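Step one of this worksheet: look at the structure below.
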There are 2 protein chains.
Amino acid sequence: MSTVERIVIVGGVAAGPKTAARARRRSPNADITIIERGRRISYAGCGMPFYLSGQVRDFDHLFATSYGVLRNEEFFRREKGIKVLTGTEAVVINREKKEVTVEELDTGRRYAIPYDKLVLATGSDPLVPPIEGLDLKGVHRLNHPDDALAIKELLETGEIGEAVVIGAGLIGLESLDALLEKRVFTAVVEFKDQVLPGILDRDMAAVVAARLEEQGAEFCLGEKVLRLEGNGSGKVTKVVTDKRELTTDLVVVAVGVRPNAALAREAGLEIGATGAIAINEYCQTNDPDIYALGDCVENLHLVTGRKVYVPLASTANRQGRVVGDNVTGLKTKFRGILGTAVLHVKGINIARTGLGEQAARDLGYEVITSVNATHDMTHYHPGSKKVILKLVADSATMRVLGAQGIGPGDVAKRVDVLATAITYGATADQIHDLDLGYAPPFSTPIDAAAHAANIIRNKQEGLAVGISPAELQARLNTGDDFVLLDVRTPQQFQFRHIEDPRVMLVTLGDIRERIEEIPRDKEIITVCVFGVRSYEALRILKGAGFKDVKFLEGGLEFWPYEIE
Amino acid sequence: MSTVERIVIVGGVAAGPKTAARARRRSPNADITIIERGRRISYAGCGMPFYLSGQVRDFDHLFATSYGVLRNEEFFRREKGIKVLTGTEAVVINREKKEVTVEELDTGRRYAIPYDKLVLATGSDPLVPPIEGLDLKGVHRLNHPDDALAIKELLETGEIGEAVVIGAGLIGLESLDALLEKRVFTAVVEFKDQVLPGILDRDMAAVVAARLEEQGAEFCLGEKVLRLEGNGSGKVTKVVTDKRELTTDLVVVAVGVRPNAALAREAGLEIGATGAIAINEYCQTNDPDIYALGDCVENLHLVTGRKVYVPLASTANRQGRVVGDNVTGLKTKFRGILGTAVLHVKGINIARTGLGEQAARDLGYEVITSVNATHDMTHYHPGSKKVILKLVADSATMRVLGAQGIGPGDVAKRVDVLATAITYGATADQIHDLDLGYAPPFSTPIDAAAHAANIIRNKQEGLAVGISPAELQARLNTGDDFVLLDVRTPQQFQFRHIEDPRVMLVTLGDIRERIEEIPRDKEIITVCVFGVRSYEALRILKGAGFKDVKFLEGGLEFWPYEIE
């Protein structure tokens with residue numbers, strides 16, 4: 001071992017440079033080298049959709065510091081004292097000799113770089129669906145800045161009127177957002193039968209899809225793309241699914257990524273069941289001198305204690321600091337993840353953390369959930385916007401397992417707060433205890449997150465019995481006898497209500513006086529805008545001795561179906 | 001005891017109605033009565049500044065549900081089945097007979113109302129400074145909707161050109177915001193030598209004051225109001241302080257509130273050292289059938305374990321649910337508070353939670369702090385705004401004790417997250433571990449809160465040695481020999497820099513090449529915009545063997561003094 005510690009990092013996008021920068025600040029004399037097979041380094045991959053949409057005007061902004069300096073090889077050399085080898089691929093790790101063989105992609109020249117500590121930040125590769133036509137002109141991914149440049153160039157020709165996005169995950173919906181911003185008619189084809197599978201529960205996803213359809217997006221859910229077809233000049237013109245044919249000028253393929261673990265696998269490093277590199281709590285592989293982080297590793301899920309593959313830039317960056325510490329002698333732990341994710345699509349914010357409802361059930365939890373539709377700040381403040389929050393809890397322990405938020409309002413704040421609480425194993429009653437900041441431009445006196453937790457408590461206590469939109473819709477489609485008691489004002493009812501002979505309008509304030517009109521022998525399902533008045537009505541009816549009363553959770557705000 | 005539980009609640013503003021509503025939902029048959037001495041009930045007191053500013057256009061909106069129904073006596077009777085007696089004052093509690101004597105203020109009629117459970121939600125009264133002239137026309141408080149109506153009426157005469165706000169606390173600054181919105185030239189006189197005493201630390205407060213002065217506010221800090229003077233027709237014309245005379249057309253007195261605990265005191269209930277009603281974790285007074293909550297009680301501080309008086313609407317509302325449970329037989333705890341508060345003044349968001357730096361020192365903690373100036377979302381996103389976060393931690397345990405945030409960006413989210421973490425006793429390294437949501441329109445890959453915690457860790461490890469703006473300013477005012485090394489770009493330097501012969505410009509990227517120009521024998525203080533590049537520069541210099549290097553924490557963004 002040389003007297004100067006040699007730190008070699010494979011991967012120059014996010015995790016690698018972050019590791020290098022932290023290591024340099026801790027260790028001024030270490031010899032730090034980043035190996036990157038591409039030409040571009042340290043770029044803001046998450047910013048690409050915003051470059052497409054035009055919100056980020058200049059491509060270089062994705063590579064620049066906040067003070068306008070480009071993060072290129074020169075920047076890393078001058079500001080950080082870090083050597084960056086671009087266009088250079090790490091091809092073999094020789095663990096015994098502790099060296100990495102690299103190849104200069106331009107020249108084919110191979111040589112070995114010795115290391116004391118090796119860091120694998122090899123990232124992920126886009127999944128390629130097994131369909132014909134992916135090589136047609138106008139078919140792109142959105143995983144690398146070069147993809148963004150190519151799509152942007154196409155958009156600027158002015159010849160793109162229609163687009164198809166394959167995949168309704170994070171990148172798929174961010175691509176949709178950008179294309180709609182550019183006034184391109186866009187359809188999204190998704191193999192699963194909901195948008196954002198694995199991110200949102202079906203009920204939340206249904207509302208997101210309904211709201212995006214109102215804004216011009218088209219979804220083909222539960223559809224499989226069979227092939228892409230082109231014209232004589234090799235340009236894509238059609239997406240053929242198992243249900244239809246979509247004409248198009250542009251296809252964005254965003255069906256997910258897989259860990260790029262080949263280098264690690266070939267070196268005999270342990271690969272987890274997820275297919276990603278296995279690491280311990282120090283981000284260390286089974287070779288103590290080799291660390292791995294970012295999109296190429298699997299991580300511990302803090303709720304389940306299981307290993308999961310959830311590649312996110314936030315995790316990559318947080319791990320960068322941890323690995324930067326560990327390769328320079330400070331033992332720092334990376335404790336795990338909750339899969340917290342957030343995105344914005346056409347005025348709708350979407351956030352999630354922890355376990356979804358189905359995931360929790362699949363893991364054997366006895367699940368209790370709540371949906372709270374409300375305002376993100378006092379309703380009389382002009383900045384107030386709507387939010388829908390869903391909580392998933394374990395009814396045995398009342399521990400909160402996960403949270404999801406959607407809506408034009410600030411769901412990201414609530415989900416960050418809930419992610420923090422979940423990290424500490426908070427129960428639903430503890431969410432109400434949190435001393436969160438209140439003033440009219442920021443929140444409601446009892447924050448939306450606390451309201452959602454209170455609904456779970458009310459359900460657990462038996463005060464509230466909810467029915468989901470899907471259950472109610474199924475009931476409406478049968479000849480079941482029940483009363484759908486709409487408790488809104490007559491004006492509200494007039495503008496929009498569920499059209500069904502079982503619907504009865506009794507405004508909340510009239511219920512006590514008109515209670516004899518409501519049939520006692522029937523099941524009553526109360527409905528309002530948010531689920532607040534319908535819950536209040538339920539309590540009045542239960543108090544008056546009605547036996548079977550439920551309220552529509554989340555109200556009409558959470559109703560994803562057609563309505564008169 | 002009657003077969004129907006009688007719940008009597010004294011106070012009809014926020015805590016009382018919230019208690020009543022929860023009690024009703026839990027107990028359909030309880031006999032629930034609210035006694036309120038005023039004519040108005042269940043109003044959004046926190047919304048009054050927004051009514052003044054015109055953001056809330058209609059006075060009634062402060063009294064209406066989100067579905068447009070006024071929350072008056074009729075509303076409580078019809079929707080909630082709750083009896084409200086307005087214009088009725090509770091004058092004596094007879095604990096042995098379990099009844100409250102009330103007086104109808106119009107008629108003078110007195111009668112007794114029996115209770116099984118009594119709830120005191122008597123609120124607070126505005127403090128009245130011991131000065132002459134408070135009875136002049138144009139002198140108002142902002143504690144009651146009638147105050148808001150009166151001030152609004154004055155503003156609408158078009159004759160209010162100048163105003164003086166006495167007190168730079170929450171209500172004082174919200175009043176300032178509203179008056180500036182109405183284009184009224186406004187000065188704020190504060191007895192303490194900073195804005196928001198008890199809310200913000202001096203360093204944070206200094207930046208807030210500087211930014212508000214840029215927007216036209218004037219502050220007279222550390223000044224005592226001696227008297228108000230009026231003209232012949234009894235209208236206020238002048239505020240005389242110990243340092244100056246201010247002409248004015250309007251005075252808003254906002255020097256704080258004190259708990260309205262007289263009724264409880266006279267009934268022999270325990271009053272805490274703060275002067276507010278003492279309660280246990282069930283919001284119960286020392287009489288087990290009498291509960292108290294809201295602005296009239298003291299609360300347990302979750303960091304210190306001490307009792308404090310921090311009257312806030314959020315606490316009142318959270319306690320309302322707890323008391324509603326407890327008076328109907330469900331034992332629910334109220335665990336305590338962190339004093340989390342948030343406000344908006346002229347484009348600047350301000351949030352705080354837990355202990356301030358001085359408060360922590362006064363309590364004997366060995367305090368370590370950090371200041372992080374940064375963007376609230378990725379700097380390349382067009383919605384990105386600046387934030388400054390300050391963390392206060394205990395250096396012995398690294399536990400986070402408090403947090404403060406200021407700036408045009410989203411500080412409320414970060415402070416809510418930190419409040420949640422502090423509730424669970426989080427240490428600084430655990431803040432970095434939090435899996436918070438990241439996407440360009442929402443945050444940075446490592447959130448501002450995590451950055452602030454990382455700075456604390458860097459200081460604790462000895463990687464970073466900070467100097468505060470106040471310390472640097474003091475050093476600049478002496479003849480001390482040191483180098484103030486500005487590491488920004490030449491363009492940035494040209495527009496704005498500290499003017500002093502000790503200033504030397506060496507752009508960060510040039511430091512490694514020009515290191516021989518920087519004197520090794522002198523103390524070096526590095527400076528940049530946010531404190532990021534200056535820290536990087538510090539690490540380079542320390543790595544090169546420089547002995548005494550500090551960085552200006554928070555950078556010029558946190559510099560509250562005049563600058564060229």
Side-chain angles (χ1 to χ4, degrees), chain A residues 25-26 28-29 44 46-47 50 55-56 61-62 66-67 69 78-79 81 313-314 317-318 321 335 337-338 340-344 351 375 378-382 412-413 415-417 419-421 423-424 432-442 445-446 463 489 508-509 512 529 539 542-543, chain B residues 25-26 28-29 44 46-47 50 55-56 61-62 66-67 69 78-79 81 313-314 317-318 321 335 337-338 340-344 351 375 378-382 412-413 415-417 419-421 423-424 432-442 445-446 463 489 492 508-509 512 529 539 543:
Chain A
R25 284 192 289 268
R26 284 193 31 83
N29 300 316
C46 301
F50 305 92
Q55 289 181 278
V56 174
H61 290 175
L62 302 179
S66 63
Y67 45 97
V69 176
R78 286 171 52 84
E79 287 209 6
S314 48
N317 277 277
R318 289 194 293 132
R321 189 177 207 274
R335 288 182 176 79
I337 65 163
L338 291 169
T340 311
V342 60
L343 73 157
H344 176 98
H375 296 96
T378 44
H379 62 270
Y380 57 77
H381 192 280
K413 174 161 80 167
V415 168
D416 270 0
V417 164
T420 304
T423 300
Y424 290 95
H432 176 261
D433 290 344
L434 294 174
D435 190 0
L436 304 175
Y438 162 64
F442 299 97
I446 291 189
L463 286 182
T489 61
L508 178 62
R512 289 173 199 277
V529 177
R539 293 309 308 152
K542 293 292 276 185
Chain B
R25 284 192 289 268
R26 283 193 32 83
N29 300 317
C46 301
F50 304 92
Q55 288 182 277
V56 174
H61 289 176
L62 302 180
S66 63
Y67 46 98
V69 177
R78 287 171 52 84
E79 288 209 6
S314 48
N317 276 278
R318 289 195 292 132
R321 189 177 206 276
R335 289 183 175 78
I337 64 163
L338 291 170
T340 311
V342 61
L343 73 157
H344 177 98
H375 295 94
T378 43
H379 63 269
Y380 57 77
H381 192 279
K413 172 160 84 168
V415 168
D416 271 1
V417 164
T420 304
T423 300
Y424 291 95
H432 175 261
D433 289 345
L434 295 173
D435 190 0
L436 304 175
Y438 162 64
F442 298 96
I446 292 188
L463 286 182
T489 62
Q492 289 181 314
L508 177 61
R512 289 172 199 277
V529 177
R539 292 309 308 154

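Proteins get letters first, then strands, A, B, ... in listed order; numbering begins at 1 in each. These numbers were taken from a predicted model, which means no experiment stands behind them. Just so it is clear, the values below take in all heavy atoms, side chains as well, and ignore hydrogens, waters and symmetry mates.
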So which residue, A:V69, A:V342, A:D435, A:T378, ends up with the most heavy-atom pairs under 4.5 Å with chain B?
A:D435

Interatomic spacing from CD1 in B:I446 to CZ in A:R321 - rounded to 0.5 Å:
7.5 Å

Spacing of B:N317 atom CG and A:H432 atom NE2 [to the nearest 0.5 Å]
8.5 Å

Please check if the side chain of A:D416 supplies one atom and the backbone of B:V417 the other of a donor-acceptor pair under 3.5 Å.
no

How long is the straight-line distance from CZ of B:F50 back to NE2 of A:H381, given to the nearest 0.5 Å?
4.5 Å

Could you check B:T423 against A:D433 for side-chain contact (heavy atoms from CB on, under 4.5 Å), going step by step and ending with a plain yes or no?
CA-CA 9 Å; B:T423 300; A:D433 290 344; over 6 Å; no

Taken to the nearest 0.5 Å, the spacing of A:I337 CD1 from B:L434 CG works out to 14.0 Å

Testing the basics here: between A:Y67 and B:Q492, what is the closest heavy-atom pair and its distance to 0.1 Å?
CB-NE2, 3.7 Å

Taking every heavy atom of B:S66 against every heavy atom of A:H375, the minimum-distance pair comes out as CB-CE1, 3.8 Å

Considering only heavy atoms, which portion of B:R26 lies under 4.5 Å from any heavy atom of chain A: side chain, backbone, both, or neither?
both

If only atom types and distance count, is the side chain of A:Y380 paired as donor or acceptor with the main-chain N or O of B:G47 below 3.5 Å?
yes

Side chain / backbone / both / neither for A:L343 at chain B, heavy atoms under 4.5 Å:
backbone

Heavy-atom pair of closest approach, residues B:P28 and A:G543:
CB-CA, 3.2 Å

Testing the basics here: between A:T420 and B:A421, what is the closest heavy-atom pair and its distance to 0.1 Å?
CG2-N, 3.7 Å

